[in-house]
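Everything below concerns the one structure shown next.
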Amino acid sequence: MAIERTKVLIIGSGPAGYTAGIYASRANLHPVIYEGNQPGGQLTQTTEIENFPGYQDGVQGIEMMSQLRSQAERFGAHVISRTIASVDFSKRPFKCIDDRGDEIIADTVIISTGASARYLGLPDEEKYMGLGVSACATCDGFFYRRKKVAVVGGGDTACEEALYLSTLAAKVYMIVRKDHLRASDIMRKRVEERENIEILFNCNTVGLYGQDGVEGARLVRHVGTPEQEEFDLPIDGFFLAIGHTPNTSIFKGQIDMDHEGYIKVKAPHTYTNVEGVYAAGDCADPIYRQAVSAAGTGCRAAIDAERFLMEHGIDE
Ligand code: NDP
């Protein structure tokens with residue numbers, strides 16, 4: 001078992017983690033960044049990012065994250081392609097164990113573990129996982145060229161996924177449980193204008209069917225009302241886009257979280273209830289969840305950590 005010592009351990013590698021890495025390394029703190037299971041985070045699963053300042057013509061998610069990583073490394077951040085398996089925040093310096101059993105002793109920890117796609121919780125989702133069920137259109141859309149697919153959800157993510165899929169699939173249904181889309185006006189308009197997207201409002205999915213893979217979804221319209229009707233929707237692919245769950249399970253019992261698992265921070269700082277532990281990005285943000293707001297909190301977390309180290313005389 002190897003033991004590594006660092007002043008700043010950054011757990012997670014989305015825009016929050018890499019931005020924290022850029023700031024901490026420029027402050028000469030030699031941060032260690034554990035990239036986790038999905039290096040670069042959720043943005044590596046998206047296509048074009050049009051709303052990150054500085055990219056006038058948009059940028060591919062993978063490209064932007066690769067640039068952020070290189071920027072952090074350029075100033076001395078040490079990026080490790082493994083995950084942290086457990087943490088002990090009961091005393092300082094903090095002890096963290098990675099998935100190989102190696103120990104990292106850290107004076108401060110910045111948690112930026114992000115969030116993961118949510119599923120409906122239907123047994124059929126598990127049954128057909130990889131056989132027609134997906135939570136990432138960019139990853140799996142290619143398999144559905146000229147086929148029929150459905151996207152569940154009515155937010156910006158669902159619209160983005162539906163638009164992407166509409167360039168590949170013959171037909172895209174959006175399964176929306178309310179009578180309206182929650183998405184922003186611009187996304188809503190784009191979806192409504194796309195000819196091969198059809199929005200099924202007031203619909204809930206109760207199951208999937210198919211022999212060797214998804215061949216259709218069982219839907220209920222107007223559930224719980226006198227107009228309730230059940231019907232089958234023949235599709236080849238079923239994409240989930242119903243929000244996210246914060247990736248914070250390894251911190252349970254170690255720091256304060258809300259009922260959904262989002263880490264509580266003392267805004268405008270990134271302080272958690274444990275001195276020396278900070279949280280940035282989607283793992284602590286149930287409201288904005290944008291790449292740019294995550295990057296902003298990553299910057300704040302690095303500055304919070306730097307000031308803590310200075311106050312405790314461990315910045316040298
Ligand atoms: P949201 O929480 O905004 O939307 C989730 C959608 O899924 C809602 O339509 C919700 O329905 C629906 N939903 C939730 N649970 C269920 C369920 N059990 N069954 C059926 N439907 C369900 O999540 P998003 O991931 O879309 O967006 C998160 C944040 O990221 C937002 O702030 C969004 O603006 C932002 N974003 C911005 C993008 C951009 O600007 N390019 C791209 C992607 C995301 P209901 O409305 O009924 O609650």
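Atoms within each ligand, like the ligands themselves, are counted from 1 in listed order. For reference, positions follow the sequence shown, starting with 1.
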Next item on the list: Measure across Pro39 and Gly36 and return the closest heavy-atom pair with its distance rounded to 0.1 Å.
Entry: CD-O, 3.8 Å

Which one holds for [X] and ligand 1: side chain close, backbone close, both close, or neither close, with close meaning a heavy atom under 4.0 Å?
X: Gln290; answer: side chain
X: Asn51; answer: side chain
X: Arg118; answer: neither
X: Leu120; answer: side chain

Notebook entry, point to check: Between Phe239 and Asp140, is a side chain to side chain contact (heavy atoms under 4.5 Å, CB included) present by the stated rule, with each step listed?
Noted result: CA-CA 9 Å; Phe239 288 82; Asp140 302 324; 4.2 Å; yes

Next item on the list: Taking Asp285 for its side chain and Ala294 for its backbone only, find out whether a donor-acceptor pair lies under 3.5 Å.
Entry: no

Give the residue, atom name and distance (to 0.1 Å) of the protein heavy atom nearest [atom].
atom: atom 2 (O) of ligand 1; answer: Arg182 NH1, 3.2 Å
atom: atom 32 (O) of ligand 1; answer: Tyr288 O, 3.7 Å
atom: atom 47 (O) of ligand 1; answer: Arg177 NE, 2.9 Å
atom: atom 34 (O) of ligand 1; answer: Asp156 OD2, 2.5 Å
atom: atom 41 (N) of ligand 1; answer: Glu160 OE2, 3.2 Å

Next item on the list: Answer yes if the side chains of Gln67 and Gln71 hold a donor-acceptor pair under 3.5 Å, and no otherwise.
Entry: no

Notebook entry, point to check: Between the side chains of Asn37 and Thr83, does any donor sit under 3.5 Å from an acceptor?
Noted result: no

Notebook entry, point to check: Does a side-chain N-to-carboxylate-O contact under 4.0 Å join Asp107 and Arg5?
Noted result: yes

Checklist line | Met187 to ligand 1, any heavy atom closer than 4.0 Å | finding: no

Option with minimal heavy-atom separation from [atom], where the choices are [options]:
atom: atom 24 (P) of ligand 1; options: Ile242, Asn204, Thr157; value: Thr157
atom: atom 23 (O) of ligand 1; options: Ala183, Ser184, Gly243; value: Gly243
atom: atom 4 (O) of ligand 1; options: Gly154, Ala241, Cys203, Gly155; value: Gly155

Notebook entry, point to check: What is the ring orientation for Phe94 with Phe89, classed by angle as parallel under 30°, tilted 30 to 60°, or perpendicular over 60°?
Noted result: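 Judged by the thresholds at 30° and 60°, the geometry between Phe94 and Phe89 is perpendicular.
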
Checklist line | Full working for side chain to side chain contact (heavy atoms under 4.5 Å, CB included) between Val152 and Leu240 | finding: CA-CA 5 Å; Val152 187; Leu240 282 306; 4.2 Å; yes

Check: Are Tyr262 and Phe251 co-members of a hydrophobic cluster defined by side-chain heavy atoms under 4.5 Å apart?
Finding: no

